[in-house]
Structures are given as C-alpha cells and as structure tokens.
Chemist: 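Handing you a structure now.
Treat the numbers as computed from the prediction; the structure is a model and nothing was measured. Every heavy atom of this structure was used, including side-chain atoms; hydrogens, water molecules and symmetry mates were not. So that the names make sense, note that chain A is the first sequence line, chain B the second, and so on, each numbered from 1.
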Amino acid sequence: MEPTPVIDEILSTLNEQQRSAAVHGRDPLLIVAGAGTGKTTTLAHRVAHLIADGVNPARILLLTFTRRAAGEMVRRVDGILRQLNHLSEKRGARVGKYSGKQLWGGTFHAVAARLLRMHGRSIGLEPEFTVHDRSDSEDLINVLRTELDLASAETRFPRKSTCIDIYSRCVNSRRSLQDVLTNSFPWCVQYADDLRRLFAAFVDRKEHNAVLDYDDLLLFWHGLLSDPAAGTAIRSRFDCVLVDEYQDTNLLQAEILQLLRPDGQGVTVVGDDAQSIYSFRAATVRNILDFPETYANTRVIPLEQNYRSTQPILDVTNEVIGQAQQRHEKKLWSEQTQGEPPVLVHCQDEDEQTEFVISEILAHREKGVDLRKQAVLFRASQHSMTLELELARRNIPFHKYGGLKFVETAHVKDLMAYMRLAENPRDFVSGVRVLLLLPGIGPKRTRDLMLLLNDAGGDFRVWEEFDPPAAAKDYWAKFVELMRNLNGPKLQDLPHQVHCVFEFYGDLLQRKYDHADARLRDLEQLEQLANRFPDRATFLTEITLDPPASTQDLAGPPTLDDDYLVLSTIHSAKGLEWDAVYVLHAADGKIPSDMATKNEAEIEEELRLFYVALTRAKNSLYVCFPLNDYMPGRGFGRHSMSQLTRFLPKGIRKRFHERTGIAAPAADEQVEMQPHITSEMIRRQSRSMWS
DNA sequence: TGTTGGAAAATTTTT
DNA sequence: TTTTCCAACA
C-alpha cells in the first residue's frame, strides 16, 4: 500500500534525514542518532508510518532501555496516529482506525518475562516462576558458597557480588568462564574450578526453586527462540522489531534480535556509539558498529541536526567526544547559533560547589526557568549527598534518580519476600528471608522448614505441625495463617494482601530496625503502589524488573504546580534533557571515576559518560569542580586527584567562561535562615543512607 | 540462635 | 574511612 498524502503531511515536520528513516521500507535499518537529534520523534513517526502502511500494531515489537522510554514511545506513536485519523476523516479518506496502544513495548527483560509466561511451557518452563533481582541472586550464591564449603578455603574466595558479576558477564557476553576471568577478573583466575562448581549449583538451584534472575530472562528467551517449534511461534508473532539505545545492548541481546528476525527484514535499531555507557553490564558498542555487516542490505541513516542545545554548547560537546579514539565521525550542529557559553566553575571545596549550584538554580528560577527544567548530574550517587542535605535544609524540593532505590531497602524487600513466597513456595531465598525475621529462628531451622515446605508441595499447612522455639511462640501461628490466607480465597485483593503482610510484619520491623516510623511509611506507600497492578504475579515481576526510580514515581502522576529540581546520576539521565544542567565533581577521580581507569577502554567509557552529561543541556551548562575534596582512603585535602577532569584539556577549556564558586555564608548566618524541616525531607534523606 | 570483635578488603554506574 | 566476612562466645 502506498503511503497516503495524509501521512506525508504528518511527516513534513521532520527534517530530511529523519523523514528518510521514517519512511524506510522493511530492509534492516540503522539510525545513528546523535544526542538531541530527535531520535524519539523519528522512531515514533517510523512506527506510525508502519502502522499506516498496514502493519498490525500488535505485531510490532519495540524494545527500549527503560519502561519509561517504552511508555513515552507508545504515547508519541498514539498521538501521531490520532492526528492521522483526524486528518483522514476531515479529508473524507477511507482509512482504518489506527491505535498505538496494542504495540508490544518494554525492556528486553520485561518482554522476555511476558513471552516466557506465554510460551515457556513448550520448553519445559513452568509459567509460575518468580523473578530474582541482583541481591536475591547474591543471597542464593551465598547459600551455595557455604553449602559447597568454598568459604572456608585458606585463601579468600571472591565475594558474593563479585561471583554474580562474573556469572552475569559470562551469560551476557556469551563468553567462557576462563575467558571472562582472564580478561575481566584476573585476580579470580585461581578460583576457576570452584566458581564453575558454584555456578553449576547456582543454575540447578534456580531451576529447583522455580526462579529466574535477570540473566535467565534473556538466556531463556534466547533458548525459546532456538527451539524449532517455540522459536517459530515467537517469530511469527512479530513483523517488525525496533530497538532503541542499541549501543547499550549486549551480545546476548544482539543474538536474541538475530533469532527474532534472522534475515533482518523489519529490523530497525537506533543508537549512538558516542553514548555507550553500560559496558559494566556487558554492553558492547560492537553491536551497533557491526550491525551493517551482520545484516545484509542494511541502510545506515545518521541524524546530525541537533534540536536540543545551543551551538556554543555543541561546540564544546563535539570537541569533548572528539577525543575518543573509536567512533563514528559525526558533527552535530544546531540552528540556534546564539547562546551563553558553558561555564567552568572553580570551587575551593564541596561546600562552595553546593553554594554555587543552589544560588545559580535559584537565580534561574527567578528568571522563569522552573526547577523541573533544571538538573544536577553526577557520576556516583554519593556525590550528591552534601547537596541533598543543603537542599532539604533550605526547603528546596528535589527528586533524586539513580542510586539506592526504594525497593532495594531492607524493609521493602522483607515485605515483598512474603508476597513472593506466597506466589512461589519453592522460592528458597524469599522463604529464608521471611523465616529469619522471626525471633528464635536461625539458619538451621529455616533450612529445615523450607525443605519441609518443599516436600509438602508448597502447602503451608505443614508448618502448623512445627513446634516453634519459645521466642517465636507468639508469632508462629499468626505467621502460618498469614501465609495460608495469602493463597486462600479470602484474600484475593492485592492491596489487601499487602496490608495483611504489613500488619504482621510491622511488629517485627520495629524490633529489627532503627527509623521504624519512616520505614513503616514506606510500606504504606507500597500498599498504595499495589493498587496499580492487576494481580500479584504482575506486581512482583514489574516491581523487580522496573522498580520506581524515585520516590516521586510512587506518588502517582505529579500535579502541575508541583515543581522540583532533578538530581540524577549521569547513567539515569540518559535520553533526558533540561534547560539548565549542572555537572558536579568534574575532577579526576570522580569523573573519570577512580575505579574505572584501569585501562584505555574504561577511560574512554568515562569520556562518553561525561559527554552524555554535557549533552543533556539545552541553554545553560555549568561544570563544577572542587579543588579541595575528600577522597576515600586518602582523607581530606588538596589532592593531585582533585584536579580538573582530564576530559577538559586546555584547548577545550578556552570555549568555557571560567569563574569561581561562591563561598558559603558564615555559620551563624546559616542558622538564621534555618527553615522548618518536614518529615518528608528527613525520610528522603534517611532513605538514601540505608543500605 | 544471636551478638560481638577483629581483620581484611573495598570504595560506581543498573536491567 | 567504612563495609564485609568470619570465628568465637553467650
């Protein structure tokens, strides 16, 4: 079917490169989209065009990096389609009603979970599996490490998180243990045999417990596609597959894409090699660089016109990324030739940096730039601690993205473990977590009770026979009743289930943790959150695969007059933009991070990360660096580390306006401006300090 | 089972 | 400097 004149009209808002990407046929397509070049717009128009061209939206798969990105994409596609329907009707053209709501969208992991619940049975995977997050996997590794007696070796065995890192990298980069150890974890090579035993047990145990972890979701999806019957079934579901942020996919994901569309027909990938920042998760920039060789007849379309930043900012970002050794040459340009030069701020110490950033943010607000149009970016979550305290003290609302999340706090994990054990009584890690909360019950009894439950086929009634130790007497009967009720007919309603767990667990929480009040309020929020999910399995899976990124996400859609500043790790800022951007701690040791300068490849990734931070800015860009700073393990002082980031050599510095920070007011002055502190501020603060 | 002390190791980004 | 791990003890 030829595109209608109506769709041509809608596509007329795109520039030439964008339009040719949108109307490209079914041959493999690689869109190399520089920062701020209208990537989302282009992709949304392409999807709308496909649908208008007769492709059933339910047969389009849109793989994104976060659920937020997926939601945004669906919203945009739907908007374009509504416009299309409207225009067609006005012209009296006969067109079917199009909708973007039926699109398959989500992260690789979320889509994997959906497909595995639908088709898993055909490869012998029961659909009732629960999903483990990273810390659950660490817990399981820890159990197995003890069982296999690996911990008592004379030399120190790698810690549990290192074990998971190694395992995960093997799976996601499709490389052998030996290979991964030699290249990425050379100090663990001596444990190769023990690790192999450990991982074998890990795989067995996950199967036995009916759980899948992040890596399994991809691995099993890959397996599903490799199976002749199931693979054909999945492949026949989709006509087109579009992948966003392709530079941050790993080899396993690239193979999944290839298995989905072996000939590349209907495949579109979008990305920017200059923004590849997830190699620690085994992402490889080779996926996007090698795409044209992998798929025959690939058309490569670059997007170079930037609609986000002013030219003075682009001049700097172009030069910064120009320092990279391996990249696709491209020069971003903007029609907005005028603008303030970016500012390089020399601060004596972190307090001065904080003072400068806050006063500048307030000045911008005075000039009409809302707080929500401004963002403070940093390399590591910890880097914003001082700023957060000061913002709270001055009553300036903010939201922090990245770092420790709500669902990773111990009390939320506890509550979720009850729900998960009810959903899947074979889930050993969740069972252990829940049982250990009871006084008088330790590792030994926990193990026995879980084995008992397993033998009973997951029927919690077997626990009624158990004679609890004195300390657990008060709790045991109530606990078993709770677990039975969670799976009984009386407690169908999900928020009510959460509430019942809350009532039982609240008591234990107060015995176990400090800040009990704040934690209890978190759990109330969780109860509210449960309202948004249709059933328990969906709730558990979604919360694990896409946890609320900030506390704001829990409060529901923000109201219009709700203005707040954004604080974010650079990683979590990917794909976003603000009028004014402040980059903190642009000093060697922090950017690039001390921990990521072992080799050239790592340093180059830090450079790209810095590039991502700078390219978030539309009009104003501030890069701050404190001269005197605290460095872990070295104490406080003026360090050689604390010099301006190596990513801004003299030549590039010339493009900045340089200035000094603002000294913090004297101590007594500060006391005078002390505002009232709300519980919300304290909660926000304390939350970020728990682990 | 639960707590405590001491030694050793790590210190970032996240689906 | 702080966190994590493990062994010994109550």
Side-chain angles (χ1 to χ4, degrees), chain A residues 63-70 106-113 131-135 137-138 142 145-146 151-153 155-162 164-165 168 171-172 187 212-218 221 245 248-250 252-253 276-283 377-383 401-405 407-408 435-436 438-446 468-472 511-512 541-547 549 568-574 585 589-598 602 605-606 608-610 612-613 630-636 689 691:
Chain A
L63 292 163
T64 55
F65 203 71
T66 60
R67 182 168 51 183
R68 185 180 55 194
T107 61
F108 269 89
H109 293 85
V111 170
V131 179
H132 271 187
D133 69 13
R134 198 200 148 89
S135 77
S137 291
E138 286 179 7
N142 209 23
R145 197 170 53 169
T146 315
S152 61
T155 47
R156 210 174 174 88
F157 198 73
R159 27 182 313 179
K160 58 188 178 184
S161 72
T162 310
I164 290 294
D165 282 343
S168 193
V171 173
N172 287 291
W187 63 93
L212 298 184
D213 59 20
Y214 291 143
D215 304 328
D216 289 332
L217 287 170
L218 299 184
W221 186 8
E245 308 283 8
D248 283 321
T249 54
N250 58 47
L252 181 55
Q253 289 168 320
S276 168
I277 54 174
Y278 276 89
S279 71
F280 70 93
R281 238 171 63 186
L377 307 182
F378 34 85
R379 173 66 176 85
S381 181
Q382 283 291 315
H383 295 169
Y401 293 84
L404 183 69
K405 290 186 191 114
V407 295
E408 286 160 0
L435 288 165
L436 279 176
L438 298 166
I441 295 188
K444 176 74 177 79
R445 277 192 252 258
T446 291
R511 297 171 53 123
K512 192 167 178 235
T541 305
E542 298 274 308
I543 290 289
T544 309
L545 291 184
D546 201 358
S568 176
T569 57
I570 301 172
H571 282 93
S572 295
K574 187 164 85 157
H585 289 291
K590 299 238 163 98
I591 304 178
S593 168
D594 252 353
M595 277 140 279
T597 45
K598 285 191 290 293
E602 281 192 350
E605 175 143 325
E606 295 287 303
R608 293 193 296 264
L609 193 58
F610 187 54
V612 168
Y630 174 79
M631 283 284 161
R634 272 174 282 254
F636 190 90
M689 287 188 282
S691 53

Chemist: Round to a whole Å and report the spacing from CG of A:Asp594 to P of B:dA10.
Modeler: 15 Å
Chemist: Between A:Arg445 and A:Ala380, which has a closest nucleotide on DNA chain B that is more 5'?
Modeler: A:Arg445
Chemist: Within this structure, what is the CZ-to-C1' distance between A:Arg379 and B:dT11, rounded to whole angstrom?
Modeler: 12 Å
Chemist: If you only use heavy atoms from C-beta on, which nucleotide in B:dT15, C:dT4, B:dT13 is closest to the side chain of A:His571?
Modeler: B:dT13
Chemist: Got a sec, which residues hit salt bridge (charged side-chain N to carboxylate O under 4.0 Å, His left out) with A:Arg134, two or more places apart in sequence or on another chain?
Modeler: A:Glu138, A:Asp165
Chemist: Quick one: A:Ile591 CD1 to B:dT12 C1', roughly how many Å, whole number?
Modeler: 12 Å
Chemist: Got a sec, which residues hit salt bridge (charged side-chain N to carboxylate O under 4.0 Å, His left out) with A:Asp216, two or more places apart in sequence or on another chain?
Modeler: A:Lys206
Chemist: For B:dT15 and A:Thr544 - does any side-chain N or O of the residue sit under 4.0 Å from the phosphate oxygens OP1/OP2?
Modeler: no
Chemist: What nucleotide, of B:dA10, B:dT15, B:dT13, holds the atom closest to the side chain of A:Arg159?
Modeler: B:dA10
Chemist: Could you work out, with salt bridge (charged side-chain N to carboxylate O under 4.0 Å, His left out) as the rule, every residue matching A:Lys574, not counting sequence neighbours?
Modeler: A:Glu245, A:Asp248
Chemist: Give the nucleotide from the list C:dC5, B:dT15, B:dT12 with an atom nearest to the side chain of A:Met595.
Modeler: B:dT12
Chemist: From the list B:dT14, C:dC5, B:dT12, which nucleotide is the closest neighbour of the side chain of A:Lys160?
Modeler: C:dC5
Chemist: Would you please name every residue forming a side-chain contact (heavy atoms from CB on, under 4.5 Å) with A:Thr446, sequence neighbours left out?
Modeler: A:Val432, A:Leu435, A:Leu436, A:Ile441
Chemist: If the condition is side chain to side chain donor-acceptor pair (under 3.5 Å), which residues does A:His132 pass it with, not counting sequence neighbours?
Modeler: A:Asp427
Chemist: With the side chain of A:Arg145 defined as its heavy atoms from C-beta on, choose the nearest nucleotide among B:dT12, B:dT1, C:dC5.
Modeler: C:dC5
Chemist: Of all the choices, B:dT14, B:dT15, B:dA10, which nucleotide is nearest to the side chain of A:Phe280 once you look at every atom?
Modeler: B:dT14
Chemist: Rounded to whole angstroms, how far apart are CZ on A:Phe378 and P on B:dT13?
Modeler: 9 Å
Chemist: Taking both distances under 3.5 Å as the test for a Watson-Crick or G-U pair, what stems of at least three pairs does DNA chain B have?
Modeler: B:1-10 with C:1-10
Chemist: From C-beta outward on A:Thr569, which listed nucleotide comes closest to its side chain: B:dT13, B:dT12, B:dT1?
Modeler: B:dT13
Chemist: Answer yes or no: is there a donor N or O on one side and an acceptor on the other, between the side chain of A:Gln253 and the main chain of A:Phe108, under 3.5 Å?
Modeler: no
Chemist: Over all heavy atoms of both residues, which pair between A:Thr64 and A:Ala69 is shortest? Give the atoms and the distance, please.
Modeler: CB-CB, 4.0 Å
Chemist: List in chain and number order the residues that pass salt bridge (charged side-chain N to carboxylate O under 4.0 Å, His left out) with A:Arg67, two or more places apart in sequence or in another chain; answer none if no residue qualifies.
Modeler: A:Glu542, A:Asp546
Chemist: Does any non-hydrogen side-chain atom of A:Phe610 lie less than 4.5 Å from one of A:Arg379?
Modeler: no
Chemist: Could you go through nucleotides 2-4 of chain B and list every protein N or O atom that sits under 3.5 Å from one of its N or O atoms, giving the distance for each pair?
Modeler:
{"unit_1": "B:dG2", "atom_1": "OP1", "unit_2": "A:Gly440", "atom_2": "N", "d": "2.6"}
{"unit_1": "B:dG2", "atom_1": "OP2", "unit_2": "A:Ile441", "atom_2": "O", "d": "3.4"}

Chemist: B:dT14 P sits how many Å from A:Asn172 CG, rounded?
Modeler: 16 Å
Chemist: Taking the minimum atom-to-atom distance to the side chain of A:Lys444, which one of B:dT12, B:dT1, B:dT14 wins?
Modeler: B:dT1
Chemist: For A:Thr541, what residues pass the side-chain contact (heavy atoms from CB on, under 4.5 Å) criterion, not counting sequence neighbours?
Modeler: A:Ala113, A:Arg117, A:Val131, A:Leu545
Chemist: Tell me: CG of A:Asn142 to C1' of C:dC6, nearest whole Å?
Modeler: 11 Å
Chemist: Send over the distance from A:Arg281 CZ to B:dT12 P, rounded to a whole Å.
Modeler: 18 Å
Chemist: Between P on B:dT15 and CG on A:Leu545, what's the gap in Å once rounded to a whole number?
Modeler: 10 Å
Chemist: Quick one: which of B:dT15, B:dA10, B:dT13 gets closest to the side chain of A:Tyr214?
Modeler: B:dT15
Chemist: Among B:dT12, C:dC5, B:dT14, which is the nearest nucleotide to the side chain of A:Tyr278?
Modeler: B:dT14
